[in-house]
Amino acid sequence: MHSYKLTDTLAVAGQISVDMVADIAAAGYRVLLNNRPDGEDNGQPSSAEIAEAAEAAGLEYHHIPVTAMNFPGEHLGEMADLFDDEQRPVFAFCRTGTRCTNLWVLSRDDSEREQAAQLARSIGFDLSMAARAL
């Protein structure tokens, strides 16, 4: 599993499998955030399957699906709270990690947004979704 650390307490990744959830918990994450709608791709595990694995691994699970059509969605504030909670490290995933990263950049305060965007671009993320929402 390839993930990218955006902060000390936030990592993003592409689609995970049910089998990866225990490893995410073992790595010290406490929250698993799924930004994919069910059925986005054939063969993708359902939110219910991931939720079951998260519960078994002792992870708090949030399914907040966001698509290009509804980006950033109505729950950006809730996600910002998760991203900023240093007591509960977050592992967020979507198809490639790009959507999660755009949500993180957009959720930053104006004073932090450019630095967050620079970090995301240096990793190689396309931030066009966040740019359209600003």
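Listed by chain and number, the residues in a ring pair (Phe, Tyr, Trp, His ring centres under 6.0 Å) with Phe91 are Tyr29 (sequence neighbours excluded). Residues that satisfy the side-chain hydrogen bond (donor to acceptor under 3.5 Å, both in side chains) test with Asn42, not counting sequence neighbours, are absent from this structure. Looking at residues two or more places apart in sequence or on another chain, you find no side-chain hydrogen bond (donor to acceptor under 3.5 Å, both in side chains) involving Asn102. Annotation: salt bridge (Lys or Arg N to Asp or Glu O under 4.0 Å) contacts of Asp38 (sequence neighbours excluded): none. Residues forming a side-chain hydrogen bond (donor to acceptor under 3.5 Å, both in side chains) with Asp8 (at least two apart in sequence, or on another chain): none. Every side-chain hydrogen bond (donor to acceptor under 3.5 Å, both in side chains) that Thr98 has, sequence neighbours left out, goes to Thr96.
Under the ring-ring contact (aromatic ring centres under 6.0 Å, His included) criterion, no residue pair touches residues 31-55, with sequence neighbours excluded. Residue pairs that meet the salt bridge (charged side-chain N to carboxylate O under 4.0 Å, His left out) test with at least one member in residues 119-134, sequence neighbours left out, are Glu114-Arg121. Residue pairs satisfying the salt bridge (charged side-chain N to carboxylate O under 4.0 Å, His left out) criterion with at least one member in residues 42-58, sequence neighbours excluded, are absent. Counting only residues at least two apart or in different chains, salt bridge (charged side-chain N to carboxylate O under 4.0 Å, His left out) contacts with residues 85-104 comprise Glu40-Arg95, Glu40-Arg99, Asp41-Arg95, Glu60-Arg88, Asp85-Arg88.
His62 has its side chain out of reach of Asn35: every pair of non-hydrogen atoms, C-beta onward, lies at least 4.5 Å apart.
Applying the 4.5 Å side-chain rule to ILVMFWY residues, one finds Tyr4, Leu6, Leu10, Val12, Val31, Leu33, Ile64, Phe71, Leu76, Met79, Leu82, Phe83, Val90, Leu103, Trp104, Val105, Leu106, Leu119, Ile123, Phe125, Leu127, Met129, Leu134 in the same cluster as Val66.
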Less than 3.5 Å apart, which donor and acceptor atoms pair up between the side chains of residues 17-28 and the rest of the protein, not counting sequence neighbours?
residue : atom : partner : partner atom : Å
Ser17   : OG   : Asp19   : N            : 3.4
Ser17   : OG   : Met20   : N            : 3.4

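Between Thr67 and Asn70, the shortest heavy-atom contact is N-OD1, 2.6 Å.
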